[in-house]
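To keep things clear, I will list the structure first and then write my remarks on it.
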Amino acid sequence: MLYNHHHYLIPGRFHHPQKKPVSINSHLQFSPTTIPCWVFLVKKCYQDTDSSLQSSIVTKVKGVTFTNTSELGERLWDVADYVIPPQGENVFFVITNLVVTPNQRQETCAESESIPDALCCEDSDCPPGEPVVAGNGVRTGRCLRAGSEQKGTCEIFAWCPVETKSRPAKPLLGEAEDFTVYIKNFIRFPKFNFSKTNVLDTTDRAFLKSCKYGPKDPYCPIFRLGSVVSWTGSNFQEIAVQGGVIGIQIEWDCDLDRAPSECYPRYYFNRLDNRFSENSLSSGYNFRFAKYYRDAAGVEFRTLFKAYGIRFDVMVNGKAGKFNIIPTIINVGSGVALMGVGSFFCDLVLIYFIKKSHFYRDKKYEEVRDLEVLAQMAESSQQSVAPDAAGLAEQPEVQDGGGAQKENGCVCRQLLQPARPGRQGNGKVNVEQLQNLQTVEA
């Protein structure tokens with residue numbers, strides 16, 4: 001009996017107690033539907049894509065607060081005081097805490113005791129004209145000691161008095177938590193000549209004055225600073241003490257086969273500085289700046305600010321897709337090829353990786369071996385039967401008592417007749433004819 005070499009893949013034709021081949025086969029049966037669904041519905045591989053996003057960011061912070069300190073007195077803080085830089089870019093900084101050193105003038109004074117390179121015991125330890133490493137000025141050649149102390153600090157020429165105060169434990173501008181920032185984002189995909197903004201298309205002019213971004217209003221581009229920090233898993237009052245860095249990610253994923261109004265951004269928020277090490281020297285964010293003035297005599301002086309605050313980095317990326325026949329054809333061909341690979345993988349597992357792989361291997365290749373044997377037998381049978389058939393054709397048919405010879409002669413003619421169209425064999429002896437031939441020869 002001949003076996004088709006795909007019998008083990010056809011349900012109901014073959015049964016074996018092992019479950020692994022059946023499981024693999026059942027998964028492969030779903031491949032004609034799962035692969036196209038994955039390729040076209042999920043991955044949208046029928047589209048041509050553009051990820052070369054062109055983007056521009058404009059930011060505007062709003063909010064005011066009032067403070068009363070010994071250094072600055074009563075003061076009202078608005079956007080021009082606490083936002084740096086003032087023009088609004090994709091990176092902006094909001095001041096939340098300050099160390100203020102007022103009325104600094106260029107003169108001589110003692111260097112800060114917190115500077116290791118400024119410590120001295122005598123004047124020779126302070127060579128004149130040399131700057132203090134990580135300090136505030138240059139040495140004058142004198143070592144200044146307080147009272148009877150053996151150690152002191154070098155005298156320097158600098159903006160005096162130098163900064164000596166430490167960071168406040170409570171943020172000066174803690175109310176900045178309720179400030180808002182308006183983030184306006186313009187994007188363009190050059191391949192499709194498609195432009196879009198994150199501001200919702202509406203005729204309501206009061207929309208931007210009343211909305212705030214949140215779960216109930218995901219398309220509003222105005223964000224409360226305290227909410228942005230909380231969405232990163234941090235507390236605003238804690239981060240406001242020593243500062244930090246917050247990332248605002250704007251993601252665009254546009255399907256241009258749909259209406260342009262359905263292309264809208266998604267926002268993600270992350271804290272980018274080292275928030276896990278509270279005592280780490282690298283945690284927080286601060287810098288210094290000064291405001292300069294002149295007195296009645298025309299002498300310049302300044303107020304030095306060491307500003308702690310939150311830096312916001314606005315980052316934009318995205319992609320757009322639109323139907324194109326070329327990627328459609330390529331991915332359809334790849335999907336068809338992948339189904340062929342799945343069939344090959346099934347054969348590989350059945351033949352080489354299961355316990356009774358020899359059984360499947362014999363069944364898979366049995367038909368190939370039988371056809372080769374049949375071809376050899378058919379060829380040898382034609383060579384041996386041809387002379388006898390010629391002799392039988394010359395003898396007259398016997399009317400009486402020759403029924404067996406007549407039958408044999410008919411069988412031989414039938415074997416020698418060429419195959420008619422639509423019959424199996426194409427001029428070769430098939431299995432049934434070979435069995436009849438063996439009966440005649442017997």
Side-chain angles (χ1 to χ4, degrees), residues 44 47-63 79-80 82-95 176-234 236 239 244-273 285 309-322:
K44 297 182 180 179
Q47 292 183 335
D48 188 15
T49 59
D50 182 11
S51 58
S52 57
L53 177 68
Q54 299 174 352
S55 173
S56 177
I57 294 290
V58 177
T59 58
K60 293 181 181 180
V61 180
K62 289 188 177 182
V79 177
Y82 60 76
V83 175
I84 300 172
Q87 66 268 27
E89 300 177 352
N90 61 327
V91 176
F92 63 96
F93 177 82
V94 176
I95 297 174
E177 183 175 7
D178 294 323
F179 294 171
T180 60
V181 56
Y182 171 32
I183 301 177
K184 187 185 298 185
N185 180 209
F186 302 94
I187 63 160
R188 180 177 180 270
F189 293 100
K191 180 182 288 188
F192 306 119
N193 194 24
F194 176 80
S195 300
K196 185 74 174 178
T197 180
N198 66 328
V199 181
L200 188 65
D201 294 334
T202 178
T203 57
D204 185 7
R205 295 185 177 182
F207 172 72
L208 294 178
K209 296 181 180 180
S210 58
C211 76
K212 286 185 181 179
Y213 177 85
K216 297 181 178 180
D217 200 351
Y219 305 122
C220 179
I222 298 178
F223 303 83
R224 178 177 173 270
L225 298 186
S227 300
V228 171
V229 174
S230 65
W231 290 328
T232 67
S234 302
F236 187 90
I239 194 176
V245 182
I246 301 295
I248 302 176
Q249 184 76 36
I250 304 178
E251 292 277 355
W252 292 86
D253 189 1
C254 298
D255 186 356
L256 301 185
D257 293 327
R258 300 181 179 180
S261 59
E262 297 188 27
C263 175
Y264 52 86
R266 289 183 172 87
Y267 301 91
Y268 303 93
F269 309 91
N270 298 282
R271 184 168 178 180
L272 304 180
D273 64 316
Y285 186 84
I310 305 175
R311 167 177 165 153
F312 294 88
D313 291 10
V314 183
M315 299 162 285
V316 183
N317 55 35
K319 65 177 182 178
K322 192 173 185 179

From [atom1] ([X]) to [atom2] ([Y]), nearest 0.5 Å:
X      : Y      : atom1 : atom2 : answer
Phe92  : Ile183 : CZ    : CD1   : 5.5 Å
Phe93  : Ile84  : CZ    : CD1   : 6.5 Å
Cys263 : Phe194 : SG    : CZ    : 4.5 Å
Ile246 : Leu272 : CD1   : CG    : 7.0 Å
Asn90  : Asp313 : CG    : CG    : 7.5 Å

For this session: Keeping to residues at least two apart or across chains, list the side chain to side chain donor-acceptor pair (under 3.5 Å) pairs with something in residues 194-211.
Result: Asn198-Tyr267
For this session: Sequence neighbours left out, what pairs pass side chain to side chain donor-acceptor pair (under 3.5 Å) with at least one residue falling in residues 50-60?
Result: Asp50-Ser52, Gln54-Arg188, Ser55-Asn185
For this session: Check Cys254 against Phe189 and note the closest heavy-atom contact, atom names and distance.
Result: SG-CE1, 4.2 Å
4.5 Å side-chain heavy-atom contact, [X] and [Y]:
X      : Y      : result
Tyr182 : Leu208 : yes
Asp273 : Tyr285 : no
Ile310 : Val228 : no
Arg224 : Glu177 : yes
Trp252 : Ile250 : yes

Problem set entry | Qualifying residues under side chain to side chain donor-acceptor pair (under 3.5 Å), relative to Asp48, sequence neighbours excluded |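 Asp48: no side chain to side chain donor-acceptor pair (under 3.5 Å) contacts found.
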Run the side-chain donor-acceptor check on residues 212-222: report pairs under 3.5 Å with partners two or more places apart or on a different chain.
none

Problem set entry | side chain to side chain contact (heavy atoms under 4.5 Å, CB included) assessment of Thr49 paired with Lys191 | CA-CA 8 Å; Thr49 59; Lys191 180 182 288 188; 5.8 Å; no
Seminar exercise, completed: Hits for side chain to side chain contact (heavy atoms under 4.5 Å, CB included) against Val79, two or more places apart or cross-chain, chain-then-number order -> Tyr82, Val83
Exercise. How would you list all residue pairs meeting salt bridge (charged side-chain N to carboxylate O under 4.0 Å, His left out) that involve residues 246-256, not counting sequence neighbours?
Worked result: Lys44-Asp255, Asp255-Arg258
Exercise. Aromatic rings Phe269 and Trp231: how do their planes relate, parallel, tilted or perpendicular, breaks at 30° and 60°?
Worked result: tilted
